[in-house]
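Everything on this sheet refers to the single structure shown next.
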Amino acid sequence: MAWLALGALCSTGCFPFPAGTPDAGPDASVAGGCGAALAGFTRCTGALLQRCDGATWGLKQDCAPSTCEVLSDSEARCASSACSPFGALRCSTTTLQQCEGAAWKDVNDCAPQACVATSATTASCQGASPCTRSGTYKVCSGAAVVDCSGTTEATRIDCANVTGSLPTNGTCYDFGGTVGPTCVLPQGSQCLFMDSLGNSLYMACGRNGLPAADMGCDYDDGCTVGLSGCTPSSFRRSCPNSTRLIVACTSFGSLNQPLSMNCTSSSWGSGVCQNGICVTSTRDAGCAAGLVACQPPLTCVAETCR
């Protein structure tokens, strides 16, 4: 059993049960009640994956059309299985999932909306639409930036999890004017992304859901404090210190934020910023025209210092 097997690896007393905790065997975790001692345990009930919150067994995920498999006395999971066709969408309770060929991947938590299967291979988050007028425009819907075409939702970016796999903990902020709603992300969050067409997307950086004038987006470090504002019309690449290279100035209407890169990153050979460019003396380090130069006698060949 799970507790006993772990306890057997060490000497007496090094992995004790909490006072009054029973052996969490199959009968306790699957058929019995859910108490504090079982908090965090998962189990299978048919194709349903359930998790104990310390008081009751709640639904964590509906594994169908896959199966729920038991890994141990305290752990279960949805079995990973191949799916088809590639790109198909389905619902798992309120979660929208997409087929990536090898397995289904969570792409959006529809809550508080509902996830609705619209065909055998399509599904979408549905509920009260944030798109309420004619034309093409953007609106904030909770933490999401929604592109609207009339009263139809065209695309949605969840600022709390922009890529769907890496939490960014951001919020939607409406800058007004021609900029409109965009994501504002906190310190340390990734803020530079690529869309499906290969275009770069820069997100604003800030605190408590509000954009900050002393922050900017760093290619290597994400949203960074200590980057002063910039002016797009007179911008030139510069080194505010030996660490960072300011490579662009992004305008968010009344607020401008710099885009930088960390010259000391291992990606750039732990270099330094000099005269508006990163310089590295590390062989095989990355390099890029106008951004990262190789210290002679090294030269940049195929984006690598040789």
Side-chain angles (χ1 to χ4, degrees), residues 108 113 125 128-164 166-241 243-262 273 276 290-291:
N108 195 9
Q113 292 182 311
C125 296
S129 174
C131 304
T132 58
R133 63 180 189 269
S134 61
T136 301
Y137 54 97
K138 294 181 179 181
V139 295
C140 285
S141 178
V145 178
V146 179
D147 282 282
C148 298
S149 178
T151 56
T152 301
E153 182 176 319
T155 61
R156 172 182 289 255
I157 296 177
D158 182 1
C159 299
N161 196 333
V162 175
T163 64
L166 180 66
T168 45
N169 303 311
T171 58
C172 181
Y173 180 85
D174 192 345
F175 284 90
T178 58
V179 178
T182 189
C183 292
V184 172
L185 309 178
Q187 182 178 0
S189 291
Q190 179 183 345
C191 46
L192 174 59
F193 304 89
M194 302 291 285
D195 65 15
S196 59
L197 299 178
N199 300 312
S200 296
L201 298 176
Y202 307 114
M203 304 296 185
C205 298
R207 303 180 185 86
N208 302 316
L210 299 175
D214 65 339
M215 294 182 69
C217 180
D218 188 90
Y219 178 88
D220 302 286
D221 300 332
C223 282
T224 301
V225 175
L227 297 177
S228 58
C230 54
T231 305
S233 60
S234 60
F235 174 77
R236 296 183 64 181
R237 290 177 184 169
S238 62
C239 299
N241 50 52
T243 298
R244 298 194 190 278
L245 170 65
I246 308 299
V247 299
C249 183
T250 306
S251 176
F252 295 101
S254 60
L255 175 71
N256 301 320
Q257 289 189 338
L259 174 68
S260 66
M261 56 191 295
N262 188 342
C273 194
L291 297 174

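Taking CG of N256 as the reference point, atom SG of C249 lies at 4.5 Å (rounded to 0.5 Å). Atoms CZ and CG, on R237 and L291 in that order, are 4.5 Å from each other to the nearest 0.5 Å. With rounding to the nearest 0.5 Å, the separation of SG in C131 from NZ in K138 is 12.5 Å. L201 contributes atom CG, which lies 11.0 Å from atom OG1 of T250 (distance to the nearest 0.5 angstrom). The distance from the OG atom of S260 to the CG atom of N241 is 9.5 Å, given to the nearest 0.5 Å. Taken from OG1 in T163 to CG in D158, the straight-line distance is 10.0 Å, to the nearest 0.5 Å.
You'll find the side chain of T168 stays beyond 4.5 Å of the side chain of M203, heavy atoms only. When side chains are defined from C-beta on, C230 does not count as touching Q257, because their heavy atoms never get closer than 4.5 Å. Residues E153 and P130 have side chains in contact (heavy-atom distance under 4.5 Å, counting atoms from C-beta outward). Side-chain contact between F252 and P211 is absent, with no heavy-atom pair separated by less than 4.5 Å. Considering only heavy atoms from C-beta on, L192 comes within 4.5 Å of S200 through its side chain.
Heavy atoms only, all atoms of each residue included: P258 and G229 are closest at CD-CA, 4.5 Å. Closest approach of C205 and V184 over heavy atoms only: C-CG1, 4.0 Å. In plain terms, the two heavy atoms of T132 and T151 that are nearest each other are C-CG2, 4.1 Å. Heavy atoms only, all atoms of each residue included: L259 and Y202 are closest at CD2-CE2, 3.2 Å. Closest approach of G170 and L185 over heavy atoms only: CA-CD2, 3.6 Å. In this structure, F175 and A204 approach most closely via the heavy-atom pair CZ-CB, 3.9 Å.
Looking at R244, its side chain never comes within 3.5 Å of a backbone N or O of L227 through a donor-acceptor pair. The main-chain N or O of T224 is never found under 3.5 Å from a side-chain atom of D218 such that the two would form a donor-acceptor pair. No side-chain donor-acceptor contact under 3.5 Å links S234 to the backbone of P232.
In this structure, cysteines C183 and C159 have SG atoms closer than 2.5 angstrom. Cys pair C191 and C217 passes the test of SG atoms under 2.5 Å apart.
For residues 205-216, the pairs satisfying side-chain hydrogen bond (donor to acceptor under 3.5 Å, both in side chains) are R207-D214, with sequence neighbours left out.
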